[in-house]
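The block underneath contains the structure these notes are about, expressed in structure tokens.
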2 protein chains.
Amino acid sequence: MPKLGMEPIRKEALVKATIVEIGRVGSLDVTVSQIAKRAGMSSALAHHYFGSKEEMFLAAMRHILTLYGAEVRGALVAAEGPEGRIRAILRASFSPTNFRREAVGAWLNFWVLSQSVPEAKRLLAVYQRRLRSNLVAAIRPLAGDRAGAIAESLGAMIDGLYLREVLKSGAPDGAAAAELALRHLEAELARGA
Amino acid sequence: MPKLGMEPIRKEALVKATIVEIGRVGSLDVTVSQIAKRAGMSSALAHHYFGSKEEMFLAAMRHILTLYGAEVRGALVAAEGPEGRIRAILRASFSPTNFRREAVGAWLNFWVLSQSVPEAKRLLAVYQRRLRSNLVAAIRPLAGDRAGAIAESLGAMIDGLYLREVLKSGAPDGAAAAELALRHLEAELARGA
DNA sequence: AAGTTTATTGACTCGTCAATCAACAAAAAA
DNA sequence: TTTTTTGTTGATTGACGAGTCAATAAACTT
């Protein structure tokens, strides 16, 4: 009994299921059937809406990136002053939404995907550029010319913390990670002053 | 015309070929045939010596880890004083041997592997513990109680720099990466003083 | 010389999985 | 009401790839 207008609903369900399954399995070795099953439909339907598995992965990636971008923007509008803006970015980066197991596991696998799928690489590059420019903008008033270098290292730090989150076992602790990133930043700033 | 004592030779060739192929393809989606071909033998022989693809991956991982460990130890014996010891560890971490494309690409994929293969996780944990304890030992004389926290963040920084190396395109630049890590460390140390 | 161990591969099995297709159902348009 | 569009799936195809096996050969042992 087909209701109309299912496309967006199905697609969203598939995207979420993709992320969950990648997180669960811990790699991109996930079958379309697994994903479709978790999303409550047949694998044929998944192909119907996305055409290929790769498209599914890319859609999932865009979803994570969009989520992250939205959260950063949201935190940024409510932020006061340069210090506040940086804190906002870090808070968003390590928020429960973005720093949850599934999402972080998905990140790791998207990094891998970007090695062989150009579009994935592109998406990742876009995100990195945006993060960098946000950081530089926030840091410049505090550190002038050194903003670029500091943003670079803070970016690496953030990625590193994501990575370690994946590797470690146990519940995620965004607060602790954000703490570390902030300490790093403060140390860098203090050094220049 | 079978010469005897081929086992170690074949195994080494396979391990190296595994790393190269993983780096080339950019993922663990590498067939035993590809690896065997690059190593100059049939896939049947690869199975003969390693039993399974997973064993091949683990052997490759051990190889990379051993290489890294040896380089750190080597740099460490020639190091003078705490500062020198830290520099030694960083120099080894970002040396041309360890920071080359193939090796870094392999790392990324080993991180993924550790998500689903317990032995891979174990190996990675061993490496992380060793790195941490080396760092703490070198940092303690300079920062006392804060050594643990600093080692933690420096470790994350190193991993993050590896990750970024994979993502970026272009030739690897270990010197620049080591520079960033060192700046981070100095900033942290200065903060405490 | 006969027997054993090591090296080596081509051919094969068996399973898995992405992608396609034919078919059916219901809503919307004509 | 016929036709078209949208939703849906079970069954099938076709490829690919891990792991096994039988067979062959050279060395080493007794």
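Reminder, nothing fancy here: chain letters follow the sequence lines and each chain counts from 1. Model, not experiment: these values are computed from the prediction.
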Pairs of donor and acceptor atoms involving the side chains of residues 25-34 of chain B, under 3.5 Å and at least two apart or interchain, shall be tabulated with distances.
from     : atom 1 : to       : atom 2 : distance (Å)
Ser27(B) : OG     : Asp29(B) : N      : 3.0
Thr31(B) : OG1    : Gln34(B) : N      : 3.0

For residues 39-51 of chain A, which side-chain donor-acceptor pairs fall under 3.5 Å, sequence neighbours excluded?
from     : atom 1 : to       : atom 2 : distance (Å)
Ser42(A) : OG     : Leu45(A) : N      : 3.3
His47(A) : ND1    : Ser43(A) : O      : 3.4

Which atom pairs, donor and acceptor, lie under 3.5 Å between side-chain atoms of residues 67-81 of chain A and protein residues at least two apart or in another chain?
from     : atom 1 : to       : atom 2 : distance (Å)
Tyr68(A) : OH     : Ser93(A) : OG     : 2.7
Glu71(A) : OE2    : Ser95(A) : OG     : 2.6

Donor-acceptor pairs are to be reported for all side-chain atoms of residues 127-145 of chain B against protein atoms at under 3.5 Å, with residues two or more places apart or in another chain.
from      : atom 1 : to        : atom 2 : distance (Å)
Arg132(B) : NE     : Glu152(B) : OE1    : 2.7
Arg132(B) : NH2    : Glu152(B) : OE1    : 3.0
Asn134(B) : ND2    : Arg130(B) : O      : 3.4

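Straight-line distance from the NZ atom of Lys37(A) to the P atom of dT8(D): 19 Å, rounded to whole Å. Protein atom CE of Met41(A) is 11 Å distant from nucleotide atom C1' of dT8(D), rounded to whole Å. The distance from atom NZ of Lys11(B) to atom C1' of dT6(C) is 14 Å, rounded to the nearest whole Å. Here the C1' atom of nucleotide dT8(D) and the CG atom of Leu45(A) are 6 Å apart, to the nearest Å. A straight line from CG of Asp29(A) to P of dC17(C) spans 9 Å, rounded to a whole angstrom. To the nearest angstrom, P of dA7(C) lies 6 Å from CG of Leu4(B). The distance between atom CG of Leu28(A) and atom C1' of dC17(C), rounded to the nearest whole Å, is 15 Å. Nucleotide dC17(C) holds its P atom 12 Å from the CD1 atom of Ile35(A), rounded to whole Å.
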Show the distances under 3.5 angstrom between N or O atoms of the protein and N or O atoms of nucleotides 17-21 of chain D.
from    : atom 1 : to       : atom 2 : distance (Å)
dA18(D) : OP1    : Lys53(B) : NZ     : 2.8
dA18(D) : OP2    : Val32(B) : N      : 3.1
dG19(D) : OP2    : His47(B) : NE2    : 3.3
dG19(D) : OP2    : Lys53(B) : N      : 3.0

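Among dA27(C), dA7(C), dT9(D), the nucleotide with an atom closest to any side-chain atom of Tyr49(B) is dA7(C). Taking every side-chain heavy atom of Arg10(A) into account, dT8(D) is the closest of dT8(D), dA27(C), dT9(D).
Within the 4.5 Å cutoff, no side-chain heavy atoms of Asp159(A) are placed close to those of Trp107(A).
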task: Could you give me the CA-CA distance, side-chain angles and deciding distance for Glu186(B) and Arg183(B), then say whether salt bridge (Lys or Arg N to Asp or Glu O under 4.0 Å) is met?
output: CA-CA 5 Å; Glu186(B) 277 165 7; Arg183(B) 286 173 64 91; over 6 Å; no
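Applying the salt bridge (charged side-chain N to carboxylate O under 4.0 Å, His left out) test to Glu55(A) and every residue at least two apart in sequence or in another chain returns nothing. Residues satisfying the salt bridge (charged side-chain N to carboxylate O under 4.0 Å, His left out) criterion with Lys11(A), sequence neighbours excluded, are Glu7(A). Glu165(B) is linked by a salt bridge (charged side-chain N to carboxylate O under 4.0 Å, His left out) to Lys168(B), counting only residues two or more places apart in sequence or in another chain. Partners of Glu179(A) by salt bridge (charged side-chain N to carboxylate O under 4.0 Å, His left out), not counting sequence neighbours: none found.
Of the residues in residues 15-23 of chain B, none has a non-hydrogen atom less than 4.0 angstrom from any atom of DNA chain D. For DNA chain D, no neighbouring residue in residues 108-116 of chain A is found when judged by any heavy atom under 4.0 Å.
The stretch residues 19-38 of chain B participates, sequence neighbours left out, in no ring-ring contact (aromatic ring centres under 6.0 Å, His included) pair at all.
Within 4.0 Å of Phe50(A), counting heavy atoms only, lies no atom of the nucleic acid at all.
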